[in-house]
There are 2 protein chains.
Amino acid sequence: MPNHKPSAAATPDLLEPTVAPAKRQRGGPKGLRITDVAALAGVAPITVSRVFNSPETVAPETLKRVRQVVQQLGYVPNRLAGGLSSSRSRLIAAIVPTIAHSLFSETIQVFSETMTRAGYQVLLALSGYSDSSEEALLDAVLSRRPEGVLLTGVAHTESLRERLHNVGLPIVETWDMTETPIDMLVGFSHYQIGVAVAEHFLQRNVRAPGLVSANDERALARRAGFRERLAQADIHEIAEVLVSPPSSVAVGKAALPTLLEQAPHLDAVFCGSDLLAIGVLGAARRLGLEVPSRLSICGFGDLEFATETTPQLTTVRVDGTRIGLTAARCLLDRLAGNDRIKVTDVGFHIVERETT
Amino acid sequence: MPNHKPSAAATPDLLEPTVAPAKRQRGGPKGLRITDVAALAGVAPITVSRVFNSPETVAPETLKRVRQVVQQLGYVPNRLAGGLSSSRSRLIAAIVPTIAHSLFSETIQVFSETMTRAGYQVLLALSGYSDSSEEALLDAVLSRRPEGVLLTGVAHTESLRERLHNVGLPIVETWDMTETPIDMLVGFSHYQIGVAVAEHFLQRNVRAPGLVSANDERALARRAGFRERLAQADIHEIAEVLVSPPSSVAVGKAALPTLLEQAPHLDAVFCGSDLLAIGVLGAARRLGLEVPSRLSICGFGDLEFATETTPQLTTVRVDGTRIGLTAARCLLDRLAGNDRIKVTDVGFHIVERETT
DNA sequence: CTGAAAGCGCTTACAG
DNA sequence: CTGAAAGCGCTTACAG
């Protein structure tokens, strides 16, 4: 049967489809699209787009009409499409070891609030404490095309640092300090904390200190500062228990007997977290060791309530809220095209509650 | 100058552009695309897509070659594009009042881990405790086209419930109980907790109980159960302090004197959180009120360490980890097309530490 | 202040 | 097992 193409009769039939090709069907009926709003409001889709993204460029009358239709239909723009088209995902990734035991949850809370207020959303990526799957995690994160990344701790592996550097995104590393940040940095020196706790113990005439700590990079930095400062005071024997996360009261409790085996005259313990410190405190009580007169215990991380419930403990307080806020501001400044101080040291305080 | 269109000479010149229209330029050079990988591997883009999304349908040889190129180039697929095209965002939204004070952070931790393992990512949305901006928050969340939503607490406003129902997404409400869930529910009854704490106090022969609590919906449900059970025992006068979040040790401390003004013979306090309870405990100590013999104090929320540091307190323990895990499973089952038990009551326990 | 056309980087739905 | 074409729902880059 011959082909009856009405126009362009000179065109060879064989190169032309017999009829307009049937439109491919993609899935069932989708949700509302910008064209639905546009049609009902009697404007072009681009105008609806402007109502959301640059309302100041739209005539007040048009704005009102479109918004009315949006409201009426309950239209919510599709940001997958918007992000793809504009290369602005409005997404910020936060990579955190864990939010369960609350060391970092305040930081993320404030960070998230601040980013939300600025029109971004936070993609939460929990890395755990193992580096093993970090490459996969980073792939997952980058596949969303975030406009910025908050890291907790400095990136460890060289390969990771390189990839993060290469993507060219604004990046804030937090909760740590390094000579060679990938980009921006808001944190403090774990090494210096170790030094400070050592000095605190030395002031109390400690002779046989011990350490209970995880073996992640930050904990090891505190340990190094602690050991080196003590070495300067000619204390070289340090009882040690390295524990794996998550740290808990129970782990702290179990650690004290082991420390006492290593150092029967143990008179101070530096713990990697307040939870561990509370555990050590409990074990000390049970053994009749008075705290802090017979045994000094120092924690890390500032559990708010601890001030009230365990005045015998000393702890190292870090302002997680300030870290989150500062990190958010760094990122936002950078996203706004401004420069930013690259490194902020928020420091720390040793909080001593009861001197005897 | 005349137009020299080589073919289709019969077509009216005026309807044809003089030359092929100049391609519009969209921004600078972008990152790697699937076509870059495809070209280098000598396959079509769709094959690269299959390597990521259904590797089992690709010949081993091809698979290997493409993966090698992916590795070599450091290609990371763009999920904004992928999600738009496939209508599968692989995103799950978690809407939580706050993660800072750790009541919910364990739930989110486990939920996030579980969803990540299943190939999803979690978009974290902090709602604060005010309902005011919840509509805007929901818009922001839905604009990412998540495939499921975890809510903390049951949705409050009717408008919100309706919208959530209408989007037709799998939804889990958590940390509460209701007769009319939007979809699935993993939680417990705050009202029943109030009843149980009242009974706990009654067993201790409490005569003049008080309450320190926030005034959010869940806190008010606990209050209702508490009051109603006490009313059955003919106790109608209940000293009350309603506080606004965030609750803290300091707020708890400040509350006790106010309660004592209302009820000089106060002999029990039910607090809306463990932090408040610790504050009340501190204030009681200062006033010389012995706990629990003279004053019973019950908290809520289970701060792990509290068992160790404040054995005088009673608390209501909820398994946040189980909630997170169960919620994740509910969502995943639904996403896999299976049915799921709609309502799971994980219950609660009253943990009494020191009986005298 | 508004709009028509093209393109963002993928995947679907076919076809072979 | 592999691929060409079309389409996902927006925004960019022009043009008026």
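Chain identifiers are assigned alphabetically (A, B, ...) following the order of the sequence lines, protein sequences preceding nucleic acid strands; residue numbering begins at 1 within each chain.
- Side-chain nitrogen and oxygen atoms of B:Y75 include at least one within less than 4.0 Å of the OP1 or OP2 phosphate oxygen of C:dC10.
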All N/O donor-acceptor pairs, side-chain side in residues 63-74 of chain B, below 3.5 Å, sequence neighbours left out:
{"residue": "B:R65", "atom": "NH1", "partner": "B:A41", "partner atom": "O", "Å": "2.5"}

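- Minimum heavy-atom separation, A:T152 to A:P97: CB-CD, 3.5 Å.
- A side chain to side chain contact (heavy atoms under 4.5 Å, CB included) with B:L150 is found for exactly one of B:I108, B:V186, B:I171, namely B:I108.
- The side chain of A:L84 approaches C:dG9 more closely than any other nucleotide in the set C:dT12, D:dC10, C:dG9.
- For DNA chain D, each stem of at least three Watson-Crick or G-U pairs (distances under 3.5 Å) is given as range with range: C:1-3 with D:14-16, C:5-12 with D:5-12, C:14-16 with D:1-3.
- In this structure, A:I34 atom CD1 and C:dG7 atom P are separated by 19 Å, rounded to whole Å.
- Counting heavy-atom neighbours within 6.0 Å of B:D339 CG, excluding the residue itself, gives a total of 12 or less.
- Residues from residues 54-71 of chain B that place a heavy atom under 4.0 Å from any atom of DNA chain C: there are none.
- Under the rule for a side chain to side chain contact (heavy atoms under 4.5 Å, CB included), the partners of B:T114 that lie at least two apart in sequence or sit in another chain are B:V110, B:L325, B:A328, B:L332.
- A donor atom on one side chain and an acceptor atom on the other are not found under 3.5 Å apart for B:T178 and B:E173.
- Side-chain N/O atoms of A:N78 include none lying less than 4.0 angstrom from OP1 or OP2 on D:dC8.
- Nucleotide D:dT12 holds its P atom 9 Å from the CZ atom of A:R88, rounded to whole Å.
- Listed for the B:T57 side chain is a donor-acceptor partner under 3.5 Å among the backbone atoms of B:S54.
- Side chain of B:R145, nearest nucleotide from D:dC10, D:dT12, C:dT11: D:dC10.
- Counted by atom type alone, A:Q121 and B:R144 present one or more donor-acceptor pairs between their side chains at under 3.5 Å.
- At a non-hydrogen distance threshold of 4.0 Å, B:I46 from residues 35-48 of chain B come into contact with DNA chain C.
- Among the nucleotides C:dA13, D:dT11, D:dC14, the one closest to any side-chain atom of A:R50 is D:dC14.
- Protein atom CZ of A:R79 is 20 Å distant from nucleotide atom C1' of C:dC10, rounded to whole Å.
- One can place CZ of B:R144 at 22 Å from P of D:dC8, the figure rounded to the nearest angstrom.
- Ion pairing of A:D139 with A:R163 is present here, as a side-chain N (NZ or NE/NH1/NH2) and a carboxylate O approach within less than 4.0 Å.
- If you look at B:Y75 and B:F52, their ring centroids are closer than 6.0 Å.
- For B:R334, the salt bridge (charged side-chain N to carboxylate O under 4.0 Å, His left out) test picks out B:D183, with sequence neighbours left out.
- The distance from atom CG of A:L80 to atom P of D:dT11 is 12 Å, rounded to the nearest whole Å.
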